[in-house]
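Comments concern the structure below.
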Amino acid sequence: MLRFASLGSGSKGNGTLVASGGHCLLVDCGFTIRETERRMARLGVSPADLSAILVTHEHSDHLSGVAPLARKYGLPVYLTPGTLRARDIGKLPRVHLIEGHQPFAVADIDVTPVAVPHDAREAAQFVFRSRGSSLGLLTDLGTVTPHVEAHFGDCDALVLEANHDPQMLAQGPYPPSLKRRVGGAYGHLSNQQAAGFLQRVGCERLQHLVVAHISEKNNTVERAREALEDAAGQVANCIFACQQQGFDWLHIDKA
Ligand SMILES: [Zn+2]
Ligand SMILES: [Zn+2]
């Protein structure tokens with residue numbers, strides 16, 4: 001059974017666990033080793049249990065803890081060539097390049113990387129499939145392209161970014177250049193963009209919808225909930241991920 005959990009979600013650090021059978025993957029790590037170990041222990045696992053780390057892109061909230069953790073535990077790291085070359089990541093014990101966003105498998109989990117528009121060199125988000133069920137992780141993108149919609153539109157569970165409320169972003173503390181970046185086509189999805197995506201693809205199939213990467217400065221859970229109300233009402237389980245706690249394990253039943 002495919003299951004997933006989060007170490008934390010937001011601009012101060014991200015990390016998502018995806019597990020099936022006895023195998024567990026960590027997608028991104030924006031925390032120190034100690035903090036990662038502590039947050040994983042909360043979810044009943046240790047970095048020593050991981051089969052691999054997958055990286056979506058080079059921003060610090062996703063990457064800063066990857067190399068130290070990979071070195072300490074001897075873990076293979078999967079990432080695109082663009083992400084590998086975007087900055088000095090530090091020495092990695094084993095690198096698997098995701099070339100041309102080609103699908104690959106880690107143990108019995110099939111992984112489809114999906115290119116997304118974001119202000120990173122070669123960002124990828126992921127769809128996971130195992131034993132007949134699927135999970136989409138979709139954060140850090142400024143626009144929902146037809147390509148994104150085609151890949152994430154029929155998942156059984158979805159972690160979806162609702163980063164900001166446009167009004168709060170406009171009136172918030174960020175300098176104008178950062179406001180343009182966050183709200184732009186290569187920035188982050190607003191509550192309304194997330195809701196629009198869900199309306200277009202439909203939510204009937206979704207067992208879990210996790211609203212994620214919610215800005216602590218430019219959004220509130222209440223605003224996100226309000227914007228996503230119509231879509232979320234059709235989903236069996238809708239929760240909101242937070243920066244400190246992430247979210248606890250969720251299990252996906254076979255479709
Ligand atoms: Zn991010
Ligand atoms: Zn990012």
Side-chain angles (χ1 to χ4, degrees), residues 2-99 104-111 113 116 118 120-128 130 135-140 159 161 210 212-213 241-250:
L2 202 53
R3 57 196 191 279
F4 62 110
S6 164
L7 311 187
S9 175
S11 59
K12 293 200 186 91
N14 295 276
T16 311
L17 295 168
V18 178
S20 175
H23 298 280
C24 187
L25 314 178
L26 175 62
V27 182
D28 291 334
C29 185
F31 305 104
T32 61
I33 292 180
R34 236 183 114 161
E35 191 62 16
T36 304
E37 289 168 342
R38 195 180 69 79
R39 289 175 185 240
M40 284 185 73
R42 199 163 69 195
L43 294 161
V45 286
S46 148
D49 303 328
L50 294 172
S51 299
I53 305 175
L54 278 60
V55 183
T56 59
H57 65 297
E58 68 271 24
H59 291 160
S60 298
D61 55 323
H62 300 264
L63 182 75
S64 65
V66 170
L69 193 73
R71 280 198 297 271
K72 178 168 177 184
Y73 290 93
L75 299 170
V77 176
Y78 291 73
L79 73 185
T80 65
T83 299
L84 180 65
R85 286 173 203 134
R87 56 187 256 198
D88 184 9
I89 289 177
K91 201 170 155 32
L92 299 172
R94 270 182 290 161
V95 173
H96 292 267
L97 285 180
I98 303 168
E99 304 262 17
F104 58 94
V106 185
D108 65 346
I109 304 176
D110 293 318
V111 187
V116 295
H118 191 49
R121 188 150 158 183
E122 193 183 0
Q125 294 295 323
F126 298 109
V127 177
F128 300 89
S130 183
L135 162 69
L137 300 187
L138 185 58
T139 69
D140 296 77
V159 176
E161 167 169 78
V210 179
H213 217 300
C242 80
Q243 182 68 77
Q244 276 312 315
Q245 301 297 322
F247 56 87
D248 204 352
W249 287 104
L250 295 171

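Nothing fancy with the numbering, it's 1 onward along the sequence.
- In terms of heavy-atom proximity, Glu122 sits nearest to Gly82 at OE1-N, 2.7 Å.
- Within the structure, the salt bridge (charged side-chain N to carboxylate O under 4.0 Å, His left out) test picks out the following pairs touching residues 21-36 (sequence neighbours left out): Glu35-Arg38, Glu35-Arg39.
- Side chain of Gln245 to backbone of Gly8: no donor-acceptor contact under 3.5 angstrom is found.
- A perpendicular orientation is assigned to the rings of His57 and His59, their planes being inclined by more than 60° (bins at 30° and 60°).
- Considering only heavy atoms from C-beta on, Val116 stays 4.5 Å or farther from Asp140 through its side chain.
- Of the possible polar contacts, none joining the Arg3 side chain to the Leu17 backbone as a donor-acceptor pair under 3.5 Å is found.
- The line from CZ of Phe31 to OG1 of Thr36 is 7.0 Å long, rounded to the nearest 0.5 Å.
- For the atom pair Leu75 CG and Cys29 SG, the distance stands at 10.0 Å (nearest 0.5 Å).
- Side-chain N or O atoms of Asp61 include none that pairs as donor or acceptor with a backbone N or O of Asn14 at under 3.5 Å.
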Kindly determine whether Phe4 and Phe247 satisfy ring pair (Phe, Tyr, Trp, His ring centres under 6.0 Å), including the steps that lead there. CA-CA 9 Å; Phe4 62 110; Phe247 56 87; 5.7 Å; yes
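- Taking CG from Leu25 and OG from Ser20, the interatomic distance works out to 9.0 Å, rounded to the nearest 0.5 Å.
- Panel note: side chain Gln125, backbone Thr56; no donor-acceptor pair is recorded below 3.5 Å.
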Worked verdict on Val18 versus Leu26 for side chain to side chain contact (heavy atoms under 4.5 Å, CB included): CA-CA 6 Å; Val18 178; Leu26 175 62; over 6 Å; no
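- In the model, Thr80 has a side-chain atom that pairs as donor or acceptor with a side-chain atom of Thr83 under 3.5 Å.
- Side-chain atoms of Ser130 come within 3.5 Å of backbone N or O of Asp108 as a donor-acceptor pair.
- Looking at heavy atoms from C-beta onward, Leu43 lies in side-chain contact with Asp248 at the 4.5 angstrom threshold.
- When all heavy atoms are compared, the tightest approach of Ser9 to Ala241 is CB-CB, 3.8 Å.
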Under the side chain to side chain contact (heavy atoms under 4.5 Å, CB included) criterion, do Phe128 and Val27 qualify, and how do the steps go? CA-CA 11 Å; Phe128 300 89; Val27 182; 3.6 Å; yes
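- Within the structure, no pair that satisfies the salt bridge (charged side-chain N to carboxylate O under 4.0 Å, His left out) test touches residues 75-99, not counting sequence neighbours.
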Determine whether Ile98 and Val111 satisfy the following criterion, side chain to side chain contact (heavy atoms under 4.5 Å, CB included), listing intermediate values before the conclusion. CA-CA 10 Å; Ile98 303 168; Val111 187; over 6 Å; no
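- For the residue pair Ala124 and Pro113, the shortest heavy atom distance occurs at CB-CB, 4.2 Å.
- Among pairs with a residue in residues 63-78, those fulfilling side chain to side chain donor-acceptor pair (under 3.5 Å) read Glu37-Lys72, Glu37-Tyr73, at least two apart in sequence or across chains.
- Summarising the geometry of Ser51 relative to His23, their closest heavy-atom pair is OG-ND1, 3.4 Å, with the distance given to 0.1 Å.
- With Glu161 contributing its side chain and Leu138 its backbone, the two residues share no donor-acceptor pair below 3.5 Å.
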With side chain to side chain contact (heavy atoms under 4.5 Å, CB included) as the test, would you mind laying out the steps for Thr16 and Leu7 before giving the verdict? CA-CA 6 Å; Thr16 311; Leu7 311 187; over 6 Å; no
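- His62 and His213 have their aromatic ring centers within a separation under 6.0 angstrom.
- Using a 4.5 Å cut-off on side-chain heavy atoms (C-beta onward), Leu84 and Leu92 make contact.
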